[in-house]
K.L.:
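Input: one structure, supplied below.
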Amino acid sequence: MRFSQAFIPTLKEVPADAQVASHVFMLRGGYIRKVASGIYSFMPLGMRVLSRIETIVREELDRAGAQEVLMPASVPAELWQESGRWQKYGPELLRFKDRGGADFCFGPTHEEVAVDMVRRETKSYRQLPINLYQIQTKFRDEMRPRAGLMRGREFVMKDAYSFDVDQDAALISYKSMYEAYKRIFARCGLDFRPVEADTGAIGGNLSHEFQVLAETGEDKLVACDSCGYAANVEEAAVRAVTEPAIGGGGDLTKVPTPGAKTIADVCEVLKVDAAQTIKSLVYTADGEPLVVLIRGDRTLNEIALKKLTGATELFLAREGQAEKATGAPVGSIGPAGLSLPIYADLELEGATGVVAGAGEEGMHYTGLDLARDCTITKYVALRIAEEGEGCPRCDGEYKAYQGIEVGHVFSLGTVYSEPMGCTFLDEGGKSQPMVMGCYGIGITRVAAAAIEQNHDEGGIIWPMSIAPYEVTVLPLQMKDDDLIAAAQKLYEELRELGVDVLLDDRNERPGAKFKDADLIGIPLRITIGKRSLGEGNLEMKWRREAEATQLPAEGAAEAITSAIAAEKERIAAI
RNA sequence: CGGGGCGUAGCGCAGUCUGGUAGCGCACCUGGUUUGGGACCAGGGUGUCGGAGGUUCGAAUCCUCUCGCCCCGACCA
């Protein structure tokens with residue numbers, strides 16, 4: 001492509017809407033434009049990136065035995081009523097009526113349609129397994145779209161659905177998709193981790209998220225540095241301690257802590273470390289108050305608490321409610337003498353010499369012994385796993401990461417097949433519900449995640465495998481006929497060799513071309529300028545590197561082609 | 001949905017408090033000079049000041065309503 005003919009409207013200034021790198025550079029580089037909140041158009045460069053990601057996804061899923069289909073974006077309500085999700089799904093589901101008044105929704109995911117397709121045509125165990133996928137625009141009416149493509153309302157997703165005869169067979173499907181996902185994200189040049197994830201309300205036994213490591217990620221993860229166990233922080237197990245996390249013994253002593261409302265205040269007044277203190281949090285679980293104890297420097301995992309209590313509605317009690325339930329103002333609440341259910345984090349078992357609220361305004365206890373002075377309902381893992389904590393599966397330690405969820409594989413069991421009557425006859429002639437799995441990849445989010453992970457101040461640094469063009473050629477002096485001819489020749493030759501090349505033939509000054517090339521982020525740049533051409537050379541520079549190297553003009557096209565091939569192999573090998 | 005902020009030229013912004021002919025930079029168009037990291041000179045004009053109502057002799061500016069967008073939080077497989 002010739003830049004002068006291309007629709008690549010780059011922006012010199014940062015659009016006010018954009019905060020994160022992927023959003024800023026996709027806007028500035030002319031990849032996307034916003035049409036409404038969380039809804040974007042893809043311009044030619046953006047479209048090329050999506051196509052390249054999709055190609056990798058197709059190749060790997062086809063290799064794994066899945067077959068591509070295309071289901072409708074508009075789904076009749078009846079299907080969603082059959083699965084029960086028409087009622088369950090909240091306002092995220094975009095619902096509308098056709099001219100006859102019939103209810104439809106714009107599919108945010110397609111379990112129902114996939115199940116319907118398969119149940120109509122599949123009657124025998126001989127026809128299974130089946131694994132179908134599609135690449136399609138989805139719509140989820142997010143409460144708060146944010147960060148450009150990272151959390152949009154409309155987005156391109158690859159979704160796949162597997163149908164098997166039983167749990168064992170379903171596990172084989174699951175594993176094969178898991179492996180395909182690893183290959184896909186590796187080929188996209190991403191640094192990612194498959195992590196164990198919450199199976200959520202949907203139940204099931206297995207679920208992994210594929211998280212791209214990036215500081216701007218919305219999800220928090222921990223990964224063990226030695227055994228490779230990794231999990232979403234909401235799901236991460238914590239190691240049970242053998243020694244009490246707080247020791248020191250001592251007698252129960254009431255001390256004044258005037259004005260101390262927070263753990264930090266108390267530590268200041270009593271000159272103790274936060275790890276010596278206990279936070280007493282009052283929660284309301286379906287209307288009933290309960291107390292949670294957690295070390296002063298820890299964070300409560302509300303998901304774990306929710307699972308423990310089984311409550312549908314769980315939230316931190318408001319100040320008034322907390323005081324009413326415990327008789328003490330927030331900041332001085334403590335576990336001693338309370339008659340409410342008290343759940344203490346596992347690491348507090350056996351704790352002595354603790355600092356905690358004394359249950360009256362402006363007073364705290366020191367020397368508290370949980371076993372001696374309080375009635376603990378249950379010790380249970382309630383804290384959020386943190387960096388440096390011991391791995392529960394080995395002797396290693398957790399490292400903390402932030403991640404962008406680009407893929408999710410999910411073992412579904414018969415949650416959809418049963419209510420929707422997606423059954424087959426087994427060898428004994430008995431009707432059985434199919435055992436399902438579903439598997440998603442956010443195509444548009446992969447593009448954003450790749451940028452979050454690969455950029456500098458100047459712009460994007462695309463992995464070769466998903467870049468909109470593999471190489472860009474910059475002739476610097478547009479009035480030098482010989483130089484133009486050399487650029488033209490190289491451009492033609494590269495195209496002949498099947499290379500995706502962008503020739504910047506605009507009548508711009510060199511500085512402008514360099515800036516745009518950096519911004520757009522094409523991984524390889526060939527500069528043709530008077531300086532080197534006089535000596536029969538071109539300059540080759542990788543976007544990710546600072547320095548250019550000289551490349552003889554003679555045979556340049558072949559050399560560039562093999563450099564690109566080598567780079568692709570390097571990415572695939574990782 | 002709760003809290004905060006913003007809407008003025010294609011983009012980034014000033015002007016709003018204290019009402020009085022709508023501005024700056026970039027981009028754009030014309031001409032010229034330039035050409036190895038976003039050039040310079042001269043000329044040109046961009047506009048329902050998000051929308052609707054109101055107050056006023058007069059509204060970008062004050063009041064009411066409304067729409068849109070961004071951020072923090074809550075929510076969600």
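This is a predicted model, so every value here is computed, not measured. In what follows, every chain begins at residue 1, and chains take the letters A, B, ... in the order their sequences are listed.
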K.L.:
Using atom C1' of each nucleotide, how far apart are B:rA9 and B:rC49 to the nearest Å?
P.N.:
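Result for the C1' pair: 10 Å, nearest Å.
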
K.L.:
Taking the six-membered ring of A:W80, is the NZ or CZ of A:R95 close enough (under 6.0 Å from the centre) and on axis enough (within 45°)?
P.N.:
no

K.L.:
Between A:E493 and A:K489, is the closest basic N to carboxylate O distance under 4.0 Å?
P.N.:
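So A:K489 pairs with A:E493 through a salt bridge.
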
K.L.:
Going by modelled atom types, is there a donor-acceptor pair between the base of B:rA39 and the side chain of A:E508 at under 3.5 Å?
P.N.:
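Result: no qualifying N/O pair found.
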
K.L.:
How would you label the contact of A:E142 with the nucleic acid (heavy atoms, under 4.0 Å): base, sugar-phosphate, or nothing?
P.N.:
nothing

K.L.:
For A:E92 and for A:S37, find the nucleotide of RNA chain B with the closest heavy atom, then tell me which residue's nucleotide is more 5'.
P.N.:
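Closest to the 5' end, via its nearest nucleotide, is A:S37.
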
K.L.:
Under 4.0 Å, counting only non-hydrogen atoms across every strand here, what does A:A548 touch: a base, just sugar-phosphate, or nothing?
P.N.:
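A:A548: no heavy atom of the nucleic acid under 4.0 Å.
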
K.L.:
Using a 4.0 Å heavy-atom cut-off, write out nucleotides 40-48 of chain B from 5' to 3' as B (base contacted by protein), S (sugar-phosphate only) or - (no contact).
P.N.:
---------

K.L.:
Output yes when A:R119 and A:E82 qualify as a salt bridge under the 4.0 Å nitrogen-oxygen rule, no when they do not.
P.N.:
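Salt bridge between A:R119 and A:E82, a charged N being under 4.0 Å from a carboxylate O: yes.
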
K.L.:
If the sugar-phosphate is the primed atoms plus P, OP1 and OP2 and the base is the rest, what is the B/S/- string for nucleotides 1-12 of chain B, using protein heavy atoms under 4.0 Å?
P.N.:
----------BS

K.L.:
Please measure how far the C1' atom in B:rC69 lies from the corresponding atom in B:rG44, and state the result in whole Å.
P.N.:
33 Å

K.L.:
Given the P atoms of B:rA22 and B:rU48, what is the spacing between them in whole Å?
P.N.:
14 Å

K.L.:
Applying ring pair (Phe, Tyr, Trp, His ring centres under 6.0 Å), can you list everything that pairs with A:F210, at least two apart in sequence or on another chain?
P.N.:
A:Y178, A:Y181, A:F185

K.L.:
When you compare B:rU66 with B:rC29, how far apart are their P atoms, in angstrom units rounded to a whole number?
P.N.:
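These two P atoms come out 43 Å apart once rounded.
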
